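Proteins get letters first, then strands, A, B, ... in listed order; numbering begins at 1 in each. The structure presented is a predicted model; accordingly, all values stated were derived computationally and were not measured.
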There are 2 protein chains.
Amino acid sequence: MGILERKEREREDMRRLILNAARELFLEQGYEKTSIRNIADVIEYSPATIYLYYKDKNELFFALHEEAFLKLMEELSSLQTIQDSFARLIEMGHRYIKFAVENPELYDLMFIMKAPIEALACRDEVWEDGLKSFGLLKWAIQECVNAGYFKNTDIEVSAITIWSYMHGLVSIYLKNRMSMFQDNQQLQRMQQSFVLFTKMIKETL
Amino acid sequence: MGILERKEREREDMRRLILNAARELFLEQGYEKTSIRNIADVIEYSPATIYLYYKDKNELFFALHEEAFLKLMEELSSLQTIQDSFARLIEMGHRYIKFAVENPELYDLMFIMKAPIEALACRDEVWEDGLKSFGLLKWAIQECVNAGYFKNTDIEVSAITIWSYMHGLVSIYLKNRMSMFQDNQQLQRMQQSFVLFTKMIKETL
DNA sequence: ATTGTTTACTAAACACTGTTCAGTAAATTT
DNA sequence: AAATTTACTGAACAGTGTTTAGTAAACAAT
């Protein structure tokens, strides 16, 4: 009885079809301007069909949120090859900034928008993707402690502190709140600040 | 010829009436769920009338954005009484966190939402409110340098770094991305992180 | 092969949204 | 008193997320 399996496959195909269209529109014109009807137009189905595969718009964007974390984790995965643990943590920071600047819509989805988190909340699940990448940061910090770079033992608090700085830096930039600097100076100022921050953690963490 | 003056007064009254209603709804049910029609209902005028006093919704929320900055500046104003410049900077941080936690919707409006910044952009003005409060931070840092607490001379970079951390910390919390900690632990973790950060800037800035 | 049943899909509607505009009634000026 | 300006609104436009009733095709049972 392979019919059920085929149906399941077809269902997955359809979910992917919808998600691909959603991602395409979302990345090219942003979240707010992407409507269910737009997505339906692209895949040449009725808007109502989308609701047979995704509960609502929140759930649809939570699926993209998951993808985005996969992408970030992928871009951070090759860090394991770096031997020196402090250099690895710094490179992690560089790549985090790079990811945010190159994928502003994804970053918004992952860390700022409330829609994906609401999709989680109403199925009362934990924020696994966030937890996993937070775990990666904690691991990188733990390695620095092990290697003798950091003395501070409360890894959790160190992780929050570093992540807060990183998130603050990129989201001030992404949400256009660095307009006190000329456009061409903003990225430069971010780099300068990042250098200062690395000095700060090196000397006192 | 006092008629023009009266008319101007009446116009200001109307603008305030609209803004008061907008603020009320906005703070009680959030930005997204507040519509022009909701505001119109409260003031018992037609929705079209609102457009005679505010260009669009962005401009309406930019007006609230200005108010929010006034409120923040007010809550930071009494800092001048603190003698020790480092203690003053720390207290500034405390009040920043307090403001964000107690006024999440206002904080969103000021530093995260793109609507107010768009209202600015299409009148191509600078972000004066942001600039002013950034100036206050720079002043507080400069005083720390003057008092010998900090050696670092690039105040601008120091300010970005400190603000980035502060903004990151509170917005991770406000946007519900601290769900890896139990609800009752989140504020405590923030405090711990803040203590760590103060140690960091004290020792290396 | 012909029923009955389930599945996949959609047109249309519901209740909204921001915004514009023609038309009206009152206030002001001539 | 007539003409003009001002303040306001009803209705519409073009969209939004979402639900529901109904249809046609696929499948299962006889």
*Do NZ/NE/NH1/NH2 and the carboxylate oxygens of B:Lys98 and B:Glu75 come within less than 4.0 Å?*
no

*asked:* Between B:Ser46 and D:dG10, is there a contact of a side-chain N or O with OP1 or OP2 at under 4.0 Å?
replied: no

_Could you check, using the six-membered ring where one of them is a Trp, whether A:His65 and A:Phe61 have ring centers closer than 6.0 angstrom?_
no

*So does A:Ser35 get a side-chain nitrogen or oxygen closer than 4.0 Å to the phosphate oxygens (OP1/OP2) of D:dT16?*
yes

*Please find out if less than 6.0 Å separates the ring center of B:Phe181 from that of B:Tyr173.*
no

*When the distance from CG of B:Leu52 to P of D:dT9 is rounded to whole Å, what number comes out?*
9 Å

*Separation of C:dT17 C1' from B:Glu32 CD (nearest whole Å)*: 12 Å

*Between B:Lys57 and B:Glu10, who's closer to the 5' end of DNA chain C by nearest nucleotide?*
B:Lys57

_Is there a side-chain contact between A:Tyr53 and the phosphate of C:dC9, meaning an N or O under 4.0 Å from OP1 or OP2?_
yes

*Ignoring the backbone of B:Arg37, work out which of D:dA12, C:dA13, D:dC8 is nearest its side chain.*
D:dA12

*Rounded off to whole Å, could you give me the CD1-to-P distance for the A:Ile36 and C:dC14 pair?*
21 Å

*Value in whole Å for how far the P atom of C:dT17 lies from CG of B:Asn38*: 5 Å

*Using whole Å, report how far CD1 of B:Ile50 lies from C1' of D:dA7.*
15 Å

*Closest nucleotide among D:dC8, C:dC21, C:dC9 to the B:Ala48 side chain*: C:dC21

*In whole angstroms, how far is the P atom of C:dC16 from the CD1 atom of B:Ile39?*
16 Å

*Check whether the side chains of B:Asn103 and B:Lys71 place a donor and an acceptor atom closer than 3.5 Å, and report yes or no.*
yes

_Rounded distance in Å - OH (B:Tyr51) to P (D:dA12)_ = 18 Å

*Is the backbone N or O of A:Met200 less than 3.5 Å from a side-chain atom of A:Thr204, with the two atoms forming a donor-acceptor pair by type?*
yes

*To the nearest angstrom, how far is B:Arg11 atom CZ from D:dT5 atom P?*
18 Å

